[in-house]
Amino acid sequence: MPEASGLHSLFTVAWRLMWRDWRGGELRLLFFALVLAVTSVTGIALFTDRLERALLLESANMLAADRVLHSPEPPPAEINAEAVRRGFRTASTLSFTSMAFSDTGNMLVAAKAVSDAYPLRGEVITTMQPFTRGAPVDHGPPPGEAWLESRVLPALDLAVGDRVFVGETELTVGAVIIAEPDRGQGGIVDNAGPRLMLHMDDVAATNVIQLGSRVSYRSLYSHDDFDRLDEFEQWVRDSFDGNYYIRDVREESEEVAEALDRAEGYLLLGSLFAVLLAGLAIALGARRYSERHYDYVAILKTLGCTSRRIGSIYLLIQLQLAAMAVLLGSGLGYLVHEGILRALRASLQVDLPPPGAQPYLVGAMTAFICLLAFALPPLLALRETPPLRVLRKDLTQTRFSDRIPYAFGIAGSISLILWYSQDLVLTSLLVLGVAGTGLLLSLVSLLFLASSGSAGMKAGNAWKLAMTAVRRRRRQNVLQVMVFAVTIMSLLILGLLRTDLIADWQAQLPEDTPNLFMMNVTGAQVEDIEAFFAENEVDANAFYPLVSARVRTVNGAEPEPVEETGDGEGGGSLLENNQLEPEADAATGSGESADGEGRRVRGRLSRRQVTWSNELPPDNRVTLGEWWGDASRPGFVSIDEEYADWLDLEIGDILEFEINQQFVSAEIANFRSVRWDNMQPNFFIIFSPGTIDHLGATFLSTVRLETGQKLLLNDLIRQFPTIVVVEVDALIEQIQTIISQVTSAIELIFALVLAAGALVLLACVSASLDERFHENAILRTLGAGRKLILTSLLIEFSFIGAVAGVIATLGAEGGLFYLQEQVFEQDFNLHYWVWLAGPALGTAIIAALGVNSTRKVVNTSPLTVLRRVV
Amino acid sequence: MIRTSGLTKRVPTSEGELTILEDIDLHIENGERVAIVGASGSGKSTLLGLMAGLDTATSGEIWLHGRKLSAMDEEQRALLRAQAVGFVFQTFQLLPSLTALENVMLPIELKGDAGAGDKARDLLGRVGLADRCHHYPNQLSGGEQQRVAIARAFATNAPILFADEPTGNLDTATGGKVIDILFELNREFDTTLVLVTHDERLAHQCDRMIKLAAGRIAGEESSVEAAHA
């Protein structure tokens with residue numbers, strides 16, 4: 001009795017059948033599709049996992065630590081004690097502005113005292129001669145020494161070994177600082193002048209820090225286990241009622257957060273597409289396998305196999321296959337990610353932590369979910385094959401037919417996307433996108449249907465033969481077009497997004513990005529400073545008046561902000577930690593991220609630095625209303641669109657501001673989008689000229705000084721001692737490093753998905769060849785020439801490719817619109833060339849693959865083909 | 001062993017219901033060799049499919065190996081086939097990805113019996129294919145493929161063998177050889193043989209011949225050769 005023969009016999013039969021199927025080539029497509037799924041997902045998961053850690057480590061260098069705590073006074077001792085108890089490495093820094101003296105002069109410097117363990121991440125680059133290349137050291141100055149940035153030495157006429165005075169103490173110039181890891185961090189206190197670094201123990205002797213002094217304390221923490229850092233962060237938040245915040249690099253530097261968030265978004269999208277493509281390949285493989293097994297099952301049934309037993313056998317075969325695919329795919333995935341990392345080694349300067357088990361688990365889970373969703377339904381549907389098929393070939397199973405497998409596949413895809421993205425909105429949008437593609441395909445199939453008016457094969461002419469073939473195989477072709485379209489669409493989306501992201505980053509910080517901010521400039525100084533730059537052949541930028549303002553009322557009522565996003569308080573745009581003017585907002589642009597808005601706008605009801613201008617600042621775009629231009633009238637104001645959303649403002653609303661204890665009202669004339677990450681002066685609020693000019697202002701401007709012009713700074717400061725100059729070179733350079741690494745990562749992910757897509761296309765073309773083999777063997781038997789058949793196949797594949805290309809282009813532009821506007825926060829522009837390139841690409845790829853595979857069709861003898869399919 | 005009563009099969013078509021078999025009553029004894037003959041479209045293969053439990057009748061009863069088929073579902077019929085029925089088809093129905101040996105082993109393995117390899121090898125030897133064990137179906141001629149199918153049909157010692165036009169795809173000489181083997185094994189295993197054919201010569205080698213015409217039994221005669229045997 002077969003059913004009584006037990007589980008062992010079931011396993012044995014399943015194993016043998018699988019092995020024989022494998023040997024017979026029946027299982028190869030499905031197996032390779034599974035391996036492809038596991039390889040790409042494991043590879044990308046491993047890569048993402050390690051890259052993310054690497055990028056975080058690399059960017060941690062920008063903090064000189066993994067986590068930082070800022071405070072204007074010494075932080076509670078319990079925090080450091082707890083960090084030590086938890087096994088963290090700790091260090092501290094104290095920043096303040098001070099005058100440095102030598103025998104020949106004095107200079108305002110940004111002093112920074114560091115403890116012995118500084119820096120916890122990254123290195124200080126020092127040298128013995130100013131303006132030369134340095135060598136890395138992993139510590140700061142010892143007690144009694146001061147390390148100075150290059151331009152301090154000529155300004156004070158000092159050399160290494162000389163004495164420099166800071167406050168009431170005298171220090172020896174021990175080295176010249178070329179770079180320090182966290183130079184870009186901090187506010188004006190850290191950037192108001194060239195660096196003078198000293199040991200923490202020497203601070204007391206300077207006697208510079210008095211009650212009320214503007215100082216900035218930073219406690220640095222480091223640990224290799226990121227989870228423990230997060231726990232510590234939470235502990236600090238919980239233990240001190242939110243009065244102290246531990247921040248990571250994302251919160252400290254929004255420019256870096258932006259790059260990291262976008263890179264992660266892209267990697268996530270890459271793995272989503274890889275999974276979808278692999279799922280498609282599995283579905284194709286399973287479909288082909290099950291189609292080839294109708295006869296097999298019918299024979300098994302005549303031999304007495306019950307449906308249940310057949311179901312069990314096929315389930316076991318798939319599980320065994322999946323287990324092998326997981327083993328092989330995990331190994332290959334490891335190799336793929338190793339390959340990528342090798343390629344990246346040049347730009348990744350950090351040692352990568354070893355990968356965890358999670359990526360392998362993700363790969364294995366993907367294989368089994370894909371199998372459940374895509375492969376099992378058609379295979380289990382095999383159970384319904386009527387045994388009578390052994391006598392009548394035309395009988396196929398009908399109960400499961402097509403709909404249920406599709407439903408499983410769709411449900412599986414949705415679960416996978418949701419699992420990967422953890423983002424319900426993104427998942428819904430992708431599902432809607434796919435549904436839209438489905439609708440388009442239905443229309444296309446209707447077109448096929450409408451044009452199929454005549455009977456017969458029209459075998460006299462290659463064109464007609466091809467077109468009748470397209471119509472006859474309408475159902476299969478719609479499926480094939482869908483697979484091609486989804487694949488090409490994925491590649492187009494990832495390709496275009498990659499190009500746009502990289503272009504956007506390049507545009508963010510072009511070559512001539514200003515590296516100096518000048519603030520606290522009086523109206524009388526503006527012309528003199530412009531003259532100073534003209535004299536020294538430096539291109540000066542526009543001067544913006546700056547006034548501190550606060551929104552009092554909106555249409556006469558208290559402003560009511562909508563609920564804020566994000567957690568914790570303000571982040572690290574350059575001037576937000578500004579102790580010189582604690583109420584001021586970020587007048588300089590400084591990026592945003594996933595919750596950048598939340599970080600940037602917090603405290604927006606407090607004072608803002610506002611300006612007035614006839615000119616729309618560069619990188620600003622009016623999104624609603626009109627810019628006043630030269631024909632401006634007083635009494636109008638322009639608002640950043642996010643700020644407007646936050647206060648629920650509308651064009652025509654009247655805002656009342658308090659400026660220098662006076663009240664001014666203005667009507668909202670327009671909303672603007674502001675590019676906060678371009679390191680240029682940016683403003684939430686701009687008035688039309690004549691509205692607040694009478695209330696007094698200081699001016700802000702930017703300038704770019706090349707390395708060779710840096711000494712001009714000393715002259716500038718000497719000539720205009722009251723202005724505040726902030727140098728942002730270090731920050732720009734650090735952002736550019738991160739961006740270049742992220743760019744490499746994106747290129748590699750794209751290449752991987754490209755390879756996965758190519759394999760799917762190949763699988764799909766091969767899968768469709770079976771029936772073409774048979775039909776063309778008959779045509780050849782009846783006397784059709786090779787040329788006729790090849791040409792007709794070429795036309796058929798080109799047509800399918802072109803249709804898929806058009807649909808893919810539509811889908812890609814739609815997908816990009818959503819992704820760029822909503823996920824990557826970029827402006828979407830139509831890619832006109834893609835409207836030609838998409839269909840052309842589809843035609844070329846599918847035709848090339850088709851022709852390549854069809855060679856077999858015409859080169860195999862018709863008799864062999866006919867015998868094979870009888 | 002096999003009995004039908006009032007067996008009728010109708011199928012829906014675009015032009016209304018089509019009657020393929022109508023009111024078939026027949027009885028086949030244990031060990032009997034019966035040929036079902038008739039012109040193309042007379043319903044021979046449909047009758048075989050119904051008797052073997054591969055299909056269900058519109059009305060009427062079928063008893064196979066003492067069990068009432070019409071009261072069974074597909075699962076139960078499959079179990080009965082595994083226990084009692086062997087098949088030989090016109091189109092051989094070998095699994096293309098399995099070798100000759102593996103094709104013969106398959107029903108033994110499915111039944112969970114031990115020694116599948118030895119038994120299959122023995123049977124292949126008896127149909128004259130000992131040296132073709134490891135060939136795939138597409139490497140075998142039509143006659144050889146049918147001999148593998150015959151070996152497979154006898155692999156589980158099924159008491160009933162259904163053969164659907166076993167020589168339909170073969171030339172006369174090859175067909176003759178295949179039939180000799182089929183009958184020889186049939187005698188040896190003492191199986192009941194139900195053979196569908198339109199080859200009168202082959203039909204006459206059976207004990208009894210049932211003639212079908214337009215879905216009805218048009219006549220029945222005992223084979224002369226059988227009478228002489």
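All values derive from a computational prediction rather than experimental measurement.
When heavy atoms are compared at a cutoff of 4.5 Å, B:Arg77 does not approach chain A at all. If you measure heavy-atom distances from B:Leu80 to chain A, you find no contacts under 4.5 Å at all.
To the nearest 0.5 angstrom, B:Leu94 atom CG is 11.5 Å from A:Tyr296 atom OH.
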Checklist line | Evaluation steps, side-chain contact (heavy atoms from CB on, under 4.5 Å), between B:Val85 and A:Leu303 | finding: CA-CA 8 Å; B:Val85 180; A:Leu303 295 177; over 6 Å; no
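The most heavy-atom pairs under 4.5 Å with chain B, out of A:Leu17, A:Ile313, A:Leu300, come from A:Leu300. In terms of heavy-atom pairs under 4.5 angstrom with chain A, the leader among B:Ala158, B:Ala84, B:Pro107, B:Gly53 is B:Pro107.
When every heavy atom of A:Cys305 is checked against every heavy atom of B:Ala78, the shortest pair comes out as O-CB, 3.5 Å. The minimum heavy-atom distance linking A:Thr302 with B:Phe89 is given by the pair CG2-CZ, 4.1 Å. Taking all atoms of both residues into account, the shortest heavy-atom contact from A:Lys301 to B:Glu74 is CD-OE2, 3.8 Å.
You'll find the side chain of B:Arg152 reaches within 4.5 Å of the side chain of A:Ile299, heavy atoms only.
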